[in-house]
Protein chains: 2
Amino acid sequence: MELIMVFKALSNETRINILIWLKEPRQHFPAEELEDYDANLGVCVSDITKKAGLSPSTTSDYLSILQKCGLIEATRSGQWTYYRRNERAIDTLSKLIQKSL
Amino acid sequence: MELIMVFKALSNETRINILIWLKEPRQHFPAEELEDYDANLGVCVSDITKKAGLSPSTTSDYLSILQKCGLIEATRSGQWTYYRRNERAIDTLSKLIQKSL
DNA sequence: CAAACGTATCGATATTTTCAGAAATCCAGA
DNA sequence: TCTGGATTTCTGAAAATATCGATACGTTTG
């Protein structure tokens with residue numbers, strides 16, 4: 001886990017929010033707004049894009065940044081890409097900060 | 001505590017290192033390298049500058065960034081400025097990450 | 001197969017960050 | 001008070017980041 005990369009990823013309000021939204025998808029993405037959702041796979045890019053109010057390209061970038069540093073995971077299913085939190089990594093991060101910072 | 005500001009501050013290797021060095025000053029700044037040290041006040045800028053291998057201006061900038069987001073505190077004594085960790089703030093941060101992230 | 005759709009990537013530009021050197025400030029000592 | 005050392009602030013160039021629109025790619029569907 002590249003601590004610097006993680007901190008850079010978290011240095012942006014929207015990216016932090018994405019992480020928080022994905023913690024409780026049903027809570028942050030009302031059912032009528034959820035174009036597509038799978039409790040196991042996560043939330044698809046277009047729903048996150050709508051919620052974030054950014055362009056699809058920016059949102060996709062952000063998701064990829066969060067994914068590259070391990071905080072979220074992706075599953076492609078047909079034309080959809082679902083993103084979900086990587087709880088294990090987030091926990092590791094939390095412990096790492098607590099221990100070595 | 002502005003989480004974004006804190007993450008920005010921590011998005012830099014040297015700044016993270018400064019925080020770690022200040023955790024155990026005696027360990028990271030060998031006595032013969034410590035130009036000036038006070039266990040209560042912390043380590044002075046010139047010692048941190050030497051250790052970081054950066055210019056005094058950059059080091060001063062970095063310290064001020066860490067200070068503005070509350071991670072370290074400063075005490076001016078004569079011509080020296082001593083910096084030390086703000087353990088309370090660091091602990092708050094750690095808990096905040098654990099809880100809300 | 002062609003059009004439509006979800007997503008990713010690319011290219012461009014505006015903004016921010018990095019880091020140094022110069023200049024300014026502040027304090028101590030001759 | 002003059003000189004020098006410690007630190008900060010200012011200025012600026014280079015690098016990195018933010019963010020968009022256009023484009024490309026794979027998938028679904030008519």
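Reminder, nothing fancy here: chain letters follow the sequence lines and each chain counts from 1. Just so we're clear, the structure is a prediction, and the values are computed from it rather than from any experiment.
A:S100 is linked by a side chain to side chain contact (heavy atoms under 4.5 Å, CB included) to A:L96, counting only residues two or more places apart in sequence or in another chain. By the side-chain hydrogen bond (donor to acceptor under 3.5 Å, both in side chains) test, A:N86 is found to be paired with no residue, residues two or more places apart in sequence or in another chain being considered. Applying the side chain to side chain contact (heavy atoms under 4.5 Å, CB included) test to A:Q67 and every residue at least two apart in sequence or in another chain returns A:I72, A:A74, A:Y83. For the side chain to side chain contact (heavy atoms under 4.5 Å, CB included) test, residues two or more places apart in sequence or in another chain that qualify with B:E24 are B:Q27, B:H28. Residues that satisfy the side-chain hydrogen bond (donor to acceptor under 3.5 Å, both in side chains) test with A:S55, not counting sequence neighbours, are A:S57, A:T58. The ring pair (Phe, Tyr, Trp, His ring centres under 6.0 Å) test applied to B:F7 returns A:F7, not counting sequence neighbours.
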Please produce a list of atom pairs where a protein N or O lies less than 3.5 Å from an N or O of nucleotides 7-9 of chain D.
| unit_1 | atom_1 | unit_2 | atom_2 | d |
| --- | --- | --- | --- | --- |
| D:dT7 | OP1 | B:V45 | N | 3.3 |
| D:dT7 | OP1 | B:T81 | N | 3.2 |
| D:dT7 | OP2 | B:S46 | N | 2.6 |
| D:dT7 | OP2 | B:S46 | OG | 2.8 |
| D:dT7 | O3' | B:T81 | OG1 | 3.1 |
| D:dT8 | OP1 | B:Y83 | OH | 2.9 |
| D:dT8 | OP2 | B:S60 | OG | 2.8 |
| D:dT8 | O5' | B:S60 | OG | 3.4 |

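With axes fitted over five pairs at each extremity, the angle between the ends of the helix from C:dC1-D:dG30 to C:dA30-D:dT1 is 10° (10° resolution).
The stretch residues 63-74 of chain B participates, sequence neighbours left out, in these salt bridge (charged side-chain N to carboxylate O under 4.0 Å, His left out) pairs: B:E73-B:R84. Within the structure, no pair that satisfies the salt bridge (charged side-chain N to carboxylate O under 4.0 Å, His left out) test touches residues 5-22 of chain A, not counting sequence neighbours. Listed by first and then second residue, the salt bridge (charged side-chain N to carboxylate O under 4.0 Å, His left out) pairs involving residues 85-98 of chain B are B:R85-B:E87, B:D91-B:K95 (not counting sequence neighbours).
Atom CD1 in B:I16 sits roughly 16 Å away from atom C1' in C:dT17 (whole-Å rounding). Atom-to-atom, CG of B:N17 to C1' of C:dT18 comes out at 16 Å; the value is rounded to the nearest Å. Going from atom CD1 of A:I48 over to atom P of C:dT7 covers 9 Å, rounded to whole Å. Whole-Å rounding puts the A:K50 NZ to C:dC5 C1' distance at 13 Å. One interatomic measurement links the two molecules: CG of A:L66 to P of C:dT7, which rounds to 16 Å at whole-angstrom precision. Atom CG of B:L54 and atom P of C:dT17 are 17 Å apart (whole Å).
Smallest separation of non-hydrogen atoms from B:L66 and B:A9: CD2-CB, 4.3 Å.
A distance of 11.0 Å separates NZ of B:K51 from CG of B:L22, quoted to the nearest 0.5 Å.
Using a 4.0 Å cut-off on heavy atoms, the residues of residues 2-12 of chain A that approach DNA chain D are A:K8, A:N12, listed by number.
When the nearest nucleotides of DNA chain D are assigned to A:G78 and A:T14 by heavy-atom distance, the more 5′-ward of the two goes with A:T14.
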